[in-house]
There are 2 protein chains.
Amino acid sequence: MAQQRTRIQLVNREIILSAALEVFATHGFRGATVDQIAARAEMSKPNLLYYFRRKQDIYRAVLEHTLDDWLAPLAAIDRDGDPIEELRRYITLKLQMSAENPAASRLFANEVLAGAPVIGDFLKTRLRELVHEKAGVVRAWVGEGRLAPVDPTHLIFMIWAVTQHYADFDVQVRAVLGSQVDKPGFHEQTAQAVLTIVLNGIRPRD
Amino acid sequence: MAQQRTRIQLVNREIILSAALEVFATHGFRGATVDQIAARAEMSKPNLLYYFRRKQDIYRAVLEHTLDDWLAPLAAIDRDGDPIEELRRYITLKLQMSAENPAASRLFANEVLAGAPVIGDFLKTRLRELVHEKAGVVRAWVGEGRLAPVDPTHLIFMIWAVTQHYADFDVQVRAVLGSQVDKPGFHEQTAQAVLTIVLNGIRPRD
DNA sequence: CGGATTCTTGACTATTTGGTCAAAACCGAG
DNA sequence: CTCGGTTTTGACCAAATAGTCAAGAATCCG
């Protein structure tokens, strides 16, 4: 009974996680309420608490549910590929994720803004190691003259900042750009603009 | 009596705004509590509510207190200056503000993440106008061949994203970089890295 | 079908939280 | 010092919120 998952359980846990993602992404852990999540999941609060006994449990589950996806694109950067092409792919992938799942980006933003009480360990271990590894790759590329001399870690931060900005600050972007955000081709135009600047910024000059 | 401000009032309002900035910046409006703010301001809750009658009033006051400063650097971009130098100055100034007053940056981040319920109008009017004006300046520079062909609005977004990232995601930056964040010269090194990539990214190529 | 198990929820509790109020403490001008 | 206004706070209230519980409804399995 402990680990057994019925079909209903699988379905309902998914519904809850998806509802909770939206609510936590908008208001953060402290600002979100269990009632809000239950309402969005269209079930009673006690029913929701039947699947996750505490608010914390839902929050942790949502975070874990998203953490791995988040790292995948960075992990995929290949030391043996062409530097500009690898970074183009990385930036494109991150922009795509921000566009397709902005709530995930906002969830992290809220968690980090609050001081990363839950994912602090993750940041200091797995994330840190991965960044150092990939910074090493970039550093090697720079050493071979295949990239302009750039600080590898700050380059990674910059890519995170820019790509996640379009998810986290969507409301601001909309306020400035208006309806054109929803026009087809907007994401491509954004990708084009970001790629132009960043890739030109790191392309080796002679 | 209505508008009269005694010395004590001026002092205490400052203390409250400063305490509230920290709390709202960390937990957002909904996640922050009046008790937390009162504790940080080292006064009783009723005393705090003597100066600001509602939580909303404190929040609005803190936001307004910070909004104008936030726009100043962008407003200072001068069409008649050298494009690269103007943007270097803008980026440097924004990075400096993020370093000196990270709480202000986080306050906005939280507000925008929550859907900008309070500053939504501001974003759609004053911010929008200012961005369009300065985008026009950048567009003119590009037209004159003094900058590489870049989308002006996305350039502004990119600068915001990168500069504010170091304030908003400070915890993450620290997790990855460790204690070196506190070493003297870190901010200069960051500015160097950011300026190198962005400015090279938009410098005209021939 | 029928009994055991799983799922669902109305009603409830304890705690937290935003906000009030009246009275006490404080302060500053005469 | 004294008196009027200002500031401060302990005690309180109502609403919101996390979480419980027992009992009813649905589902599964033989």
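So you know, we letter chains A, B, ... as the sequences are listed, proteins then strands, and number each from 1.
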Check this one for me: any side-chain N or O of [X] less than 4.0 Å away from OP1 or OP2 of [N]?
X: A/Arg30; N: C/dT17; result: yes
X: A/Gln9; N: C/dT6; result: no
X: A/Arg54; N: D/dG19; result: yes
X: A/Thr6; N: D/dC28; result: no

Salt bridge [X]-[Y], side-chain N to carboxylate O under 4.0 Å:
X: B/Arg88; Y: B/Asp82; answer: no
X: A/Asp168; Y: A/Arg106; answer: no
X: A/Asp68; Y: A/Arg126; answer: yes

Could you state the [atom1]-[atom2] distance from [X] to [N], rounded to the nearest angstrom?
X: B/Asp35; N: C/dT15; atom1: CG; atom2: P; value: 16 Å
X: A/Leu48; N: C/dT6; atom1: CG; atom2: P; value: 19 Å
X: A/Arg13; N: C/dT6; atom1: CZ; atom2: C1'; value: 15 Å
X: B/Ile8; N: C/dG28; atom1: CD1; atom2: C1'; value: 10 Å
X: B/Ile15; N: D/dT8; atom1: CD1; atom2: C1'; value: 14 Å
X: B/Tyr50; N: D/dT6; atom1: OH; atom2: C1'; value: 5 Å
X: B/Glu42; N: D/dT9; atom1: CD; atom2: P; value: 11 Å
X: B/Asn12; N: D/dT8; atom1: CG; atom2: C1'; value: 10 Å

For this session: Take B/Gln56 and B/Arg60 through the side chain to side chain donor-acceptor pair (under 3.5 Å) test and state the conclusion after the steps.
Result: CA-CA 6 Å; B/Gln56 271 262 0; B/Arg60 294 194 115 91; 2.9 Å; yes

**Asked** Between the base of C/dG18 and the side chain of B/Lys45, is there a donor-acceptor distance below 3.5 Å?
**Response** yes

Check your understanding: Does the A/His65 side chain pair with the main chain of A/Ala61, one donor and one acceptor, at a distance under 3.5 Å?
Key -> no

Touch check for [X], heavy atoms < 4.0 angstrom, all strands: base, sugar-phosphate only, or nothing?
X: A/Ala38; answer: nothing
X: A/Thr33; answer: sugar-phosphate
X: A/Tyr51; answer: sugar-phosphate

Looking only at side-chain atoms of [X], point me to the closest of [options].
X: B/Pro46; options: C/dG19, C/dT9, C/dT20; value: C/dT20
X: A/Asn47; options: D/dT7, C/dT8, D/dG19; value: C/dT8
X: A/Ser44; options: C/dG28, D/dG19, C/dT9; value: C/dT9

Is it the case that A/Lys94 and A/Gln164 place a side-chain donor and acceptor less than 3.5 Å from each other?
yes

Between B/Arg7 and B/Arg53, the residue closer to the 5' end of DNA chain C by nearest nucleotide is B/Arg53

Taking for B/Phe29 and for A/Met43 the nucleotide of DNA chain C with the nearest heavy atom, the one nearer the 5' end belongs to A/Met43

